[in-house]
Amino acid sequence: MRLLEIVLVVANALSLSLCFCKPSRKIWLGAAAVNLVILTLHGLIEGFRFQMLPAYAFVAMLLIYTLFKTSTRLYTKTMPKALKGFVILVSAGSLALTSFLSYALPVFALPKPTGDYQIGVEELHLVDENRNDPFLDQSPKKRELMVKLYYPSEKNNTKPYERYLQPELIRLFASFFHVPEFALGHLNLIHTDAKANLPVSGQEQRYPIVLFSHGAGTSMAVHTSQYEDLASHGYIVAAIDHTYVSAGTVFPDHTVSAMDATTDFHTAEPAKIITQIMADDVSFVMNELSEWNEGKGTQDVSFKNKLDLDRIGVIGHSVGGATAYNLAIHNSRVKAAVNLDGAVYMTPEENANMAPFLMLANDRNHIQQIKQRKPLIPNLDDLSAEGQEKAVSESVYGTRDAYMQAYGEAQRNIAGLTEVLQASDSLFTIRGSDHMKFSDIGLFIGSTKLRNLIGIGGQTDPARCLVITEALTRAFFDQHLKNAPADSLNALLQEYPELEKVTL
């Protein structure tokens with residue numbers, strides 16, 4: 001809960017305690033006035049949100065009751081005990097409810113960037129004129145992307161910090177996840193540590209580049225914490241919103257949802273196809289970066305000669321991590337790649353010239369599967385007849401043959417991944433982590449029990465997971481894009497006891 005929210009609930013509770021004594025008219029009026037002032041300050045400074053509605057309703061009822069009681073003969077009368085008990089019970093329950101809702105669905109703060117640079121951000125609308133959108137087979141149009149560039153900027157103390165989520169994106173999230181829009185409205189109150197369209201810092205001549213790909217059904221917005229931390233340390237980060245892979249994308253003149261995609265890929269497991277589409281998106285953005293470095297393009301901020309195209313890294317979460325793996329194998333421009341907890345959907349060819357690669361896997365189930373060289377989907381041979389039938393029926397594959405074919409391919413892919421990780425010696429996990437804790441989404445829920453209920457497990461605090469994730473990935477990029485000492489990764493094991501290096 002935010003400061004004034006706590007103050008308001010405490011004021012509500014103290015006002016409720018007046019029911020247990022016989023205060024004067026002045027005390028009733030004073031209590032009502034204090035509650036009203038705190039409510040007003042809360043709305044002006046912090047912003048109203050639905051989780052606090054019971055507290056707002058309490059203030060309204062307190063004002064009505066106080067005005068009625070102090071201006072009529074009701075003041076001299078005693079409220080019946082049954083009615084008083086009911087009012088106290090309902091009011092106390094309402095305050096408990098508003099406290100729980102405000103704690104469970106917080107207006108959270110992103111972890112503060114740890115670098116010295118102020119952060120600028122510019123949002124760009126890109127169209128790949130050489131490629132039709134592979135998700136729109138019924139009405140072909142060119143592939144469109146939204147990209148946000150986070151970068152080290154010149155100092156500016158006058159511009160406001162950018163909002164975390166646009167109202168249009170909150171609307172798309174609500175539709176995609178089938179929840180009322182007001183349930184996510186408080187996310188509009190969160191601010192980032194970036195300011196729009198500031199000049200690129202002149203402290204360094206050129207800056208290394210990191211391109212980031214999100215997971216399926218999320219958005220580029222839910223990794224803002226990591227973009228900002230990298231930018232604060234002197235990286236230019238291109239955060240790509242992969243249209244129709246994300247829950248929704250907000251373009252300058254329209255919005256689209258993942259549910260608007262029309263293409264049937266005619267496969268029960270389209271992830272391999274999707275990761276290739278995403279890899280093509282990243283390659284296209286790399287080409288655009290080359291244009292911007294030459295002073296071309298229509299962006300508001302000039303990146304001319306500021307982009308070091310010889311120092312490019314890629315990183316992604318979930319299916320975005322599989323995309324980074326793909327690019328590490330196939331795109332020679334990539335000099336370092338990080339996979340945040342993504343299953344992979346291809347196997348490198350023998351003696352492939354692969355970019356340095358790091359993987360961070362959750363310790364709820366993924367790191368165990370990698371150690372055992374097993375795919376995330378179970379082997380039917382390890383299940384009972386009833387278990388086999390249930391696994392097939394609940395999967396996306398439909399038939400036993402299709403399931404076993406998918407399992408065999410997944411088995412080959414994870415075997416290839418373990419060979420890569422053995423060679424790179426860069427497999428890590430965070431004790432108490434889970435898949436969504438490598439993104440900002442872990443911060444969306446303040447209650448550990450509620451996180452567990454919706455499938456975000458692990459005992460390590462989500463903010464702590466983010467801090468460790470950011471430190472690890474930054475150290476890896478520093479090593480391969482900034483020539484930092486090779487032992488910088490191992491030093492983190494002492495700084496963060498939850499971080500564990502895994503040897504295969």
Side-chain angles (χ1 to χ4, degrees), residues 1-13 38-39 41-60 90-112 161-193 214-215 217-219 221-225 246-248 432-467:
M1 293 178 68
R2 295 172 293 176
L3 177 60
L4 289 176
E5 290 175 348
I6 295 172
V7 172
L8 179 60
V9 171
V10 170
N12 290 171
I38 296 171
L39 176 64
L41 291 173
H42 158 64
L44 292 173
I45 297 172
E46 296 179 334
F48 297 114
R49 59 179 178 131
F50 94 91
Q51 292 90 343
M52 291 291 294
L53 276 177
Y56 306 156
F58 181 91
V59 175
V90 170
S91 298
S94 296
L95 295 182
L97 176 62
T98 201
S99 298
F100 172 75
L101 288 175
S102 299
Y103 167 71
L105 301 172
V107 179
F108 58 84
L110 295 171
K112 285 292 182 184
Y161 291 107
E162 289 290 285
R163 289 189 183 276
Y164 181 62
L165 293 182
Q166 304 148 289
E168 297 88 351
L169 187 56
I170 292 174
R171 197 171 300 120
L172 288 168
F173 271 12
S175 175
F176 184 81
F177 293 109
H178 306 290
V179 297
E181 187 179 334
F182 71 82
L184 301 178
H186 64 288
L187 298 177
N188 190 44
L189 300 173
I190 298 166
H191 287 79
T192 69
D193 286 287
H214 58 77
T218 61
S219 165
V222 302
H223 297 280
T224 298
S225 173
S246 65
S433 61
D434 201 358
H435 188 62
M436 285 303 178
K437 288 186 176 179
F438 299 125
S439 73
D440 300 341
I441 291 176
L443 303 175
F444 286 21
I445 309 296
S447 164
T448 300
K449 291 183 178 179
L450 188 55
R451 281 196 298 269
N452 289 331
L453 188 64
I454 65 172
I456 303 177
Q459 292 304 308
T460 299
D461 181 75
R464 178 71 173 176
C465 273
L466 274 179
V467 168

**Q.** Expected output: side-chain Lys437 to main-chain Gly457 donor-acceptor under 3.5 Å
**A.** yes
**Q.** Pairing of Glu5 and Arg2 as salt bridge, 4.0 angstrom limit
**A.** yes
Q: Check step by step if side chain to side chain contact (heavy atoms under 4.5 Å, CB included) holds for Met52 and Leu8.
A: CA-CA 10 Å; Met52 291 291 294; Leu8 179 60; 3.9 Å; yes
Q.
For Leu172, is there any backbone N or O sitting under 3.5 Å from a side-chain donor or acceptor partner on Ser175?
A. no
Q.
Under a 3.5 Å distance rule, please check whether Asp461 uses its side chain to pair with a backbone N or O of Ala463 as donor and acceptor.
A. yes
(Q) Taking the side chain as everything from C-beta on, heavy atoms only, tell me whether Leu165 gets closer than 4.5 Å to Ile190. (A) no
Q. Do the non-hydrogen side-chain atoms of Leu466 and Phe438 ever get within less than 4.5 Å of each other?
A. no
Q | Closest non-hydrogen atom pair, Gly217 against Ala247 | A | O-CB, 3.6 Å
Q: In sequence, state the C-alpha distance, the side-chain angles, and the governing distance for Phe173 and Val179, and then conclude on side chain to side chain contact (heavy atoms under 4.5 Å, CB included).
A: CA-CA 8 Å; Phe173 271 12; Val179 297; over 6 Å; no
**Q.** For Gly455 against Asp434, the heavy-atom pair lying closest together
**A.** O-OD2, 3.3 Å
Q: Could you tell me whether the side chain of Pro106 reaches within less than 4.5 Å of the side chain of Met1, counting heavy atoms only?
A: no
Q.
Quick one: does any side-chain atom of Arg451 pair with a main-chain N or O of Ile456 as donor and acceptor, under 3.5 Å?
A. no
Q) Ignoring hydrogens and geometry, is there a side-chain-to-backbone donor-acceptor pair from Ser225 to Asp440 under 3.5 Å? A) no
Q: Taking the side chain as every heavy atom from C-beta outward, state whether Leu184 and Phe444 have any pair of such atoms under 4.5 Å apart.
A: no
(Q) Is there a side-chain contact between Leu443 and Pro111 in this structure, where contact means two heavy atoms from C-beta onward sitting under 4.5 Å apart? (A) yes
Q. Side chain of Ser439, backbone of Met436: donor and acceptor closer than 3.5 Å?
A. yes
Q.
Treating Ser219 as the side-chain partner and Val222 as the backbone partner, does any N or O pair qualify as donor plus acceptor under 3.5 Å?
A. no
Q. What distance separates Leu97 CG from Gln51 CD, expressed to the nearest 0.5 Å?
A. 10.5 Å
(Q) Could you measure the distance from the NE2 atom of His42 to the CD1 atom of Ile6? Nearest 0.5 Å is fine. (A) 11.5 Å
Q. Going by heavy atoms in the side chains, are Glu46 and Leu189 under 4.5 Å from each other?
A. no
Q) Step by step, would you call Leu39 with Phe48 a side chain to side chain contact (heavy atoms under 4.5 Å, CB included)? A) CA-CA 9 Å; Leu39 176 64; Phe48 297 114; 3.7 Å; yes
Q: Report yes or no: does Lys112 contribute a side-chain atom to a donor-acceptor pair with the main-chain N or O of Asp193 at less than 3.5 Å?
A: no
Q) Is there a donor-acceptor pair under 3.5 Å between the side chain of Tyr56 and the backbone N or O of Arg49? A) yes
Q: Answer yes or no: is there a side-chain heavy-atom contact under 4.5 Å between Ile441 and Thr218?
A: yes
Q | Atom of Ala13, atom of Leu95 and distance for their closest heavy-atom approach | A | N-CD1, 3.8 Å
Q: Would you check if the side chain of Thr98 reaches a backbone N or O of Ser94 as a donor-acceptor pair within less than 3.5 Å?
A: no
Q. So, for Tyr164 and Phe108, is the gap between ring centers shorter than 6.0 Å?
A. yes
(Q) Any heavy-atom pair between the side chains of Arg163 and Asn188 that's under 4.5 Å? (A) yes
Q.
With a 6.0 Å cut-off (strictly less than), is the heavy-atom count around CD of Gln459, excluding the residue itself, greater than 12?
A. no
